[in-house]
Amino acid sequence: MLFKKENLKKLQDYIAKNNLKGYLIFTSDPHDSEYVASYFLDVRKYFCPFSGSAAEVLITKDEAYIFTDGRYWIQAEKEIKDSGYTLIKKGDKNVPSLLEFIKMNNISPLGVNLFDIKMSEYQKFLFSKIEIKDLDISFLVENLTPLSKEKVFKLNKELTTLTYKEKIEEIYKKIEEKGATANLVTTLDDIAFILNLRGNDIPNNPVFYSYLYLSKEIGNHLFINKDKVDFAIEGITIHPYEEVIEFIKKHDNIPTLLDKNRVNAKIYSLFKNVINSSNPSYLMKAVKGEKEIENTKKVQAIDGVALLKFQKYLEENIDNNLSEYDYSEKLKEYRLSSSFCFELSFETIAAVGSNAAEMHYAPTKEKHSIVNKDNIELLVDSGGQYFGGTTDTTRTFLIGRPTEEFIHDYTLTLKALINLSKTIFLEGSTGQTIDIRSREYMWQEGMDYKCGTGHGVGYILNVHEGPNGFRYKRVKDRDDGSEIIPGMITTIEPGVYKKDKYGIRIENNLLCIKAFETSDGNFFKFETITYVPIETRCLDFSIMEKSEIERLNNYHQLVYEKLSPLIKNDECLLSFLKEKTKVIK
């Protein structure tokens, strides 16, 4: 979907014709998905040139604004140049929020598609006395990408600790405790988790567009394109996707548990007897069971081999002037060569120099830079969807001559990773409680990375998953502030991003486990379950503690123990692994 200025003019004419002050486009779908199918994303891309995955677009009769956070500022500045758009840097000092901006500029009445705004956000607009008109502008968009017609598939018994029936029974208990007799689940990853099904409706997110209604009284009902399911699901009645509204209207008085932070305003407004609470499946999904943990560790090792092969390939081809895109495709090839891997978990970030300073830059066949020794680093953030887990790993590879500044920043990043990874914390701690353990070295020098330190990771599901995460402050639109408890898998990915210079990030996945118990309570710690060598040729050992070097050596010993059995018949690769995990003295 290509943006043209005349597309923007078309929408501005529509705004004037309908006596609006503006129109607000969310990067969303009716299910509050972080990443959405092209069908829904096309609407924003048709009217705005920004290609990132997170933004709100506000258009008035005469102006156009894009609101996005620090991960995308550099990218957005480039992409909206000469487009008529103004960038509003969400979260920056003295910058108003989206709602504050709308109030300050009296942009009311405001057009919004109520399927694309969650109820909790919609209420804030109403409380601020912003007049909202429910308008769908997709009819203005030419050549919308059709929704996927691929069928859903079942996970086999070896991949899940609980059956879907056991999960539903647990949900029944939890909603009854809240005084509800039904639960409408609208978030796609929760539905996939509950039913032990997966799909391919959103690239890199193995979910399927649907609604799931659970009730002991009137049964369990799945609303989905019926052509996508070619098998019966015992205890589940299957309806066409579009029938969900009529179904709700017939049962609107039943006490129904809804999470207004996850249900769109259109659907929520149909109910007359709502029990407001988080969906039980939200936390259930985040706490992995015994089989999920065992399988995830297995595929992390398989994924580690793919990245090891990639690093070897990179070092052997650095003088061949291949592009960022070439390398991303090679890594994809290595991952998909495993029968366990069925797709990537997100679009690979492979970036050099100033590109790496854009946190979510991703090369394409048409848009990329050449990778050679004129650059200091190649930052690669990537992951895979496996029958056994979801991976997300970042490594910053040295490919040129590092400056003293780069060496210092790289070392700070590794120290940040180690410091949080070794943290022991008391039960009840959240990611916000301990996030400073990652940032403190950078804060001491007046530096910071404009994003969270880490996020929860799904199991054969979305690579970004709540309610766990690491963040030093509460962010309104990020529901990742829960307690960190055993069974949760969370990334840690500190970094340094310097515009027009370079980007550095190192990322591992951490499994929360029990450490010990004393009279003061239960204490937890982390087990690192990412098995990929960390670049050591650009470290400043003068600012590293002996214990940090020892921990790095122990980590590399673990990497060798996990990967060497998988490559024992490949002498060249095994030799490369030995070199990359050798002890640092």
Side-chain angles (χ1 to χ4, degrees), residues 148-161 163-164 189 192-193 195-208 228-231 288-314 326-348 350 380-395 457-463 465 489 508-509 511 529-533 558-574 576-577:
S148 169
K149 294 182 179 179
E150 291 194 39
K151 296 186 182 300
V152 303
F153 59 92
K154 300 178 183 179
L155 297 183
N156 65 46
K157 295 179 181 179
E158 288 71 33
L159 293 176
T160 60
T161 303
T163 66
Y164 75 88
D189 55 339
F193 161 77
L195 297 179
N196 289 338
L197 300 176
R198 297 298 186 265
N200 192 28
D201 285 8
I202 300 175
N204 310 129
N205 297 264
V207 296
F208 44 93
K228 298 173 71 64
V229 185
D230 57 5
F231 50 85
K288 277 57 179 178
E290 184 178 342
K291 285 186 180 179
E292 285 81 1
I293 292 171
E294 178 185 355
N295 290 330
T296 295
K297 289 180 179 180
K298 287 180 181 178
V299 300
Q300 286 280 5
I302 294 170
D303 199 63
V305 170
L307 278 157
L308 182 71
K309 290 178 179 178
F310 172 80
Q311 186 175 5
K312 185 172 183 289
Y313 179 85
L314 170 65
D326 293 330
Y327 282 112
S328 68
E329 287 295 292
K330 177 56 69 172
L331 179 52
K332 181 179 180 180
E333 176 187 320
Y334 285 140
R335 275 204 171 91
L336 293 178
S337 66
S338 167
S339 60
F340 289 92
C341 186
F342 59 91
E343 69 173 330
L344 302 184
S345 58
F346 58 97
E347 192 175 3
T348 297
V380 178
D381 187 350
S382 64
Q385 295 286 7
Y386 291 81
F387 292 110
T390 300
T391 66
D392 181 5
T393 306
T394 308
R395 291 294 183 264
V457 181
Y459 176 76
I460 325 179
L461 272 175
N462 300 354
V463 73
E465 180 179 276
I489 297 174
N508 282 339
N509 294 183
L511 170 67
I529 58 171
T530 298
Y531 314 118
V532 180
L558 172 67
V559 171
Y560 184 82
E561 290 171 356
K562 292 290 185 178
L563 302 192
S564 56
L566 303 180
I567 59 172
K568 59 186 178 182
N569 297 324
D570 189 334
E571 292 184 8
C572 289
L573 191 59
L574 186 60
F576 185 77
L577 174 63

Item to check | Residue pair Leu577, Val559: steps toward the side chain to side chain contact (heavy atoms under 4.5 Å, CB included) verdict | outcome: CA-CA 9 Å; Leu577 174 63; Val559 171; 4.2 Å; yes
Nearest heavy atoms of [X] and [Y], plus distance in Å:
X      : Y      : value
Gly389 : Ile460 : N-CG1, 3.5 Å
Cys341 : Tyr386 : CB-CE2, 3.4 Å
Asp230 : Lys151 : OD2-CD, 3.3 Å
Lys149 : Lys228 : C-NZ, 3.9 Å
Lys297 : Leu511 : CE-CD2, 4.1 Å
Cys572 : Lys312 : O-CE, 3.9 Å

Item to check | Qualifying residues under side chain to side chain donor-acceptor pair (under 3.5 Å), relative to Asn200, sequence neighbours excluded | outcome: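 Expected list: Glu150.
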Pairwise distance [atom1]([X]) to [atom2]([Y]) - rounded to 0.5 angstrom:
X      : Y      : atom1 : atom2 : answer
Asp326 : Leu314 : CG    : CG    : 12.0 Å
Leu159 : Glu294 : CG    : CD    : 10.5 Å
Ile529 : Ile489 : CD1   : CD1   : 4.0 Å

Exam field: side chain [X] to backbone [Y], donor-acceptor pair closer than 3.5 Å:
X      : Y      : value
Asn295 : Phe387 : no
Asn569 : Ile567 : no
Thr161 : Lys291 : yes
Thr390 : Val463 : no
Glu465 : Asn462 : no
Arg198 : Ala192 : yes
Thr391 : Gly384 : yes
Ser338 : Arg335 : no

Next on the checklist: Would you say that more than 12 heavy atoms from the other residues, nucleotides or ligands in this model lie under 6.0 Å from the CZ of Phe340, or not?
Outcome noted: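 12 or below, so no.
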Checklist entry - Regarding Lys154 and the six-membered ring of Phe231, is the cationic atom NZ or CZ under 6.0 Å from the ring centre and inside 45° of its axis? => result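 Yes.
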Next on the checklist: Against the six-membered ring of Tyr334, is Lys330 placed for a cation-pi contact (under 6.0 Å from the centre, within 45° of the normal)?
Outcome noted: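 Ring-cation test returns yes.
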Checklist entry - Stepwise, does the salt bridge (Lys or Arg N to Asp or Glu O under 4.0 Å) test hold for Glu158 with Lys298? => result CA-CA 13 Å; Glu158 288 71 33; Lys298 287 180 181 178; over 6 Å; no
Item to check | Candidate pair Leu563 and Leu574, rule side chain to side chain contact (heavy atoms under 4.5 Å, CB included), full reasoning | outcome: CA-CA 9 Å; Leu563 302 192; Leu574 186 60; over 6 Å; no
Checklist entry - Which pairs pass side-chain hydrogen bond (donor to acceptor under 3.5 Å, both in side chains) with one or both residues in residues 339-348, sequence neighbours excluded? => result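 Counting only pairs at least two positions apart or across chains, no side-chain hydrogen bond (donor to acceptor under 3.5 Å, both in side chains) contact touches residues 339-348.
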Item to check | By side-chain contact (heavy atoms from CB on, under 4.5 Å) - contacts of Lys332 (at least two apart) | outcome: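 Once residues adjacent in sequence are excluded, the partners of Lys332 under the side-chain contact (heavy atoms from CB on, under 4.5 Å) criterion are Glu329, Leu336, Leu344.
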